Amino acid sequence: MKCVNDFRLKFGKQELVPIMIGGMGVDISTAELALEAARLGGIGHLSDAMLPTVTDRLLNTNFVKSKLKQYKYNVANTDKSKVQFDLGQIAESTRLHLSRAMEAKRGSGMIFVNCMEKLTMNAPRETLRVRLHGALSAGIDGITLSAGLHLGSFALMEDHPRFRDAKLGIIVSSLRALQIFLRKNAKLNRLPDYIVIEGPLAGGHLGFGLDWMKYDLREICREIYQYLQAEKLDIPIIPAGGIFTGSDAVSYLETGAAAVQVATRFTATHECGLPEKIVQEYFKANEEDIEVNMISPTGYPMRMLKKSPAIGAGIRPNCEAYGYLLDGNGNCAYITAYNAEVAAHPNAKKISVRDKTCLCTAMRNFDCWTCGHYTYRLKDTTRRLPDGTYQILTAEHVFMDYQFSTDNKIALPNLPII
């Protein structure tokens, strides 16, 4: 019986363990987690979501404080069109976070950055270009383009000296999305180096509607794999979403996948950025505690725990401090929903906004507990301790369980020393 270690992901002459840890935003995919993946011979993702906030927390920078001070006069204004990021600070926060990880990298693996197109930041094209160039200049091994079709992202990087050297990939959830991307970028003579195919059981934002349960990752992979073969395009495909055991991974590797992307099980590790209290909520979750809702201002459905404090929160929009989801005109679906609730309850001291959430603040405060479909199985991957909590794992333990396990088995951790 084969295990994941019997396969290799090949990028030219370089061979890697075919395990990629997905990019979980706002420092859930920490540098420590990505470094472990690289040390063990696989690929780890950082996320470029809200990097000014992340570097403030990790490196004592003052990007958020500086931006809030500049736009404090506008806090009570419903019009956020004037609130924009300093592109120099976006570049600097990107450089600080990514170069720090790359300098610490050891082992034969790679570190990629996950770049969300939906972080429009009130200047979609300009900020995206700075983020992409900043990542390349920081020496990142690769960039995974996510949360959107990224039809213009390759063109934004074309003039960077590392455009053809760094690994560039895209996340899609359908053959049609991939075809649109390839057509749009054909003139650049630069194919993606890999394609992550994210299915309906993934965590966080989904590339499907609320009818996500009608779709099947294996079928989408099969369709894309057949298309690439017919077009004689040699691009590795990497399925993602719902791959919970090493045996799950092998079943994809045996049918044409070059690697698998996994994330849910790594949320329950010491290296993950989730606070331990929230990790325990993930362990305790049952299947009925997980929902797919439409509260994200991006317009995408999002899978999360029903207990997430972000659901129904009515906080004032924090665009002056954050503002990562403001579109090119300074609008955000949460601002609209918040203002509607304020108008409907003018004398209320506290309001609840049910249809949308201030995702920037919620993510920054770890209040939006996004998760994969199989989060309810996390309790089966560890041991329950005498105090009723669950033992948090190491990233190495989870990685090696994926790498070497067979027969759908999950290796439990050694008993902790009391």
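Given the structure is predicted, the values throughout are model-derived calculations rather than measurements.
With sequence neighbours left out, the ring-ring contact (aromatic ring centres under 6.0 Å, His included) criterion links His45 to Phe112. Annotation: ring-ring contact (aromatic ring centres under 6.0 Å, His included) contacts of His160 (sequence neighbours excluded): His133. Looking at residues two or more places apart in sequence or on another chain, you find no ring-ring contact (aromatic ring centres under 6.0 Å, His included) involving Phe366. Glu276 meets the salt bridge (Lys or Arg N to Asp or Glu O under 4.0 Å) test with no other residue; sequence neighbours excluded.
Using modelled atom types, one side-chain atom of Ser247 and one backbone atom of Asp407 make a donor-acceptor pair closer than 3.5 Å. Lys356 places a side-chain N or O within 3.5 Å of a backbone atom of Met294 that can act as its donor or acceptor partner. The backbone N or O of Cys368 lies less than 3.5 Å from no partner atom in the side chain of Ser308, so there is not a single donor-acceptor pair. Arg383 places no side-chain N or O within donor-acceptor distance of the main-chain N or O of Asp380, the cut-off being under 3.5 Å. A side-chain donor-acceptor contact under 3.5 Å links Thr61 to the backbone of Thr55. No side-chain donor-acceptor contact under 3.5 Å links His373 to the backbone of Gly242. Remark: side-chain polar atoms of Asp193 are paired, donor with acceptor, to backbone N or O of Leu168 under 3.5 angstrom.
At a threshold of 4.5 Å between non-hydrogen side-chain atoms, the residues Tyr334 and Leu359 do not count as touching. Between Leu233 and Leu182 there is a side-chain heavy-atom pair separated by less than 4.5 Å. Counting heavy atoms from C-beta on, the side chains of Leu378 and Thr267 come closer than 4.5 Å. The shortest side-chain heavy-atom distance between Ile170 and Val196 does not fall under the 4.5 Å cut-off.
Checked against Thr370 for a side-chain contact (heavy atoms from CB on, under 4.5 Å), the options Met363, His205, Met24 give a single hit: Met363.
With Tyr338 as the aromatic partner, Arg316 does not meet the cation-pi criteria of under 6.0 angstrom to the ring centre and within 45 degrees of the ring axis. Note that Arg265 lies in the cation-pi zone of Phe244, set by a 6.0 Å cut-off to the ring centre and a 45° limit from the axis.
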Without placing hydrogens or testing angles, list every side-chain donor-acceptor pair under 3.5 Å for residues 318-327, not counting sequence neighbours.
unit_1: Asn318; atom_1: ND2; unit_2: Thr361; atom_2: OG1; d: 2.9
unit_1: Glu320; atom_1: OE1; unit_2: Lys80; atom_2: NZ; d: 3.3
unit_1: Glu320; atom_1: OE2; unit_2: Asn74; atom_2: ND2; d: 3.1
unit_1: Glu320; atom_1: OE2; unit_2: Lys80; atom_2: NZ; d: 3.0
unit_1: Tyr322; atom_1: OH; unit_2: Arg364; atom_2: NE; d: 3.2
unit_1: Tyr324; atom_1: OH; unit_2: Thr53; atom_2: OG1; d: 3.0
unit_1: Asp327; atom_1: OD1; unit_2: Asn329; atom_2: N; d: 2.8
unit_1: Asp327; atom_1: OD1; unit_2: Gly330; atom_2: N; d: 3.1
unit_1: Asp327; atom_1: OD1; unit_2: Asn331; atom_2: N; d: 2.9

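No side-chain N or O of Asn339 forms a donor-acceptor pair with one of Thr78 less than 3.5 Å apart. Residues Thr144 and Tyr194 have side chains that bring a donor and an acceptor to within less than 3.5 angstrom of each other. Arg8 and Asn5 are linked by a side-chain donor-acceptor pair at a separation below 3.5 angstrom, with hydrogens and angles left out of the test.
Within the 6.0 Å centre-distance limit, the rings of Phe181 and Phe154 are counted as a close aromatic pair.
Listed by first and then second residue, the salt bridge (Lys or Arg N to Asp or Glu O under 4.0 Å) pairs involving residues 33-46 are Glu36-Arg39, Arg39-Glu396 (not counting sequence neighbours).
For the residue pair Phe283 and Gln391, the shortest heavy atom distance occurs at CZ-O, 3.7 Å.
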Checklist entry - So Asp355 and Ile295, side-chain contact (heavy atoms from CB on, under 4.5 Å) or not? Walk me through it. => result CA-CA 5 Å; Asp355 7 335; Ile295 69 169; over 6 Å; no

Item to check | side-chain contact (heavy atoms from CB on, under 4.5 Å) evaluation trace for Asp141 with Lys105 | outcome: CA-CA 11 Å; Asp141 291 319; Lys105 191 180 83 163; 2.8 Å; yes

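The pair Glu281-Lys307 meets the salt-bridge criterion, since a charged nitrogen lies less than 4.0 angstrom from a carboxylate oxygen. For Arg222 and Glu219, the salt-bridge test passes: some basic side-chain N is under 4.0 Å from an acidic carboxylate O. Taking 4.0 Å as the cut-off between side-chain N and carboxylate O, Asp48 and Arg131 count as a salt-bridged pair.
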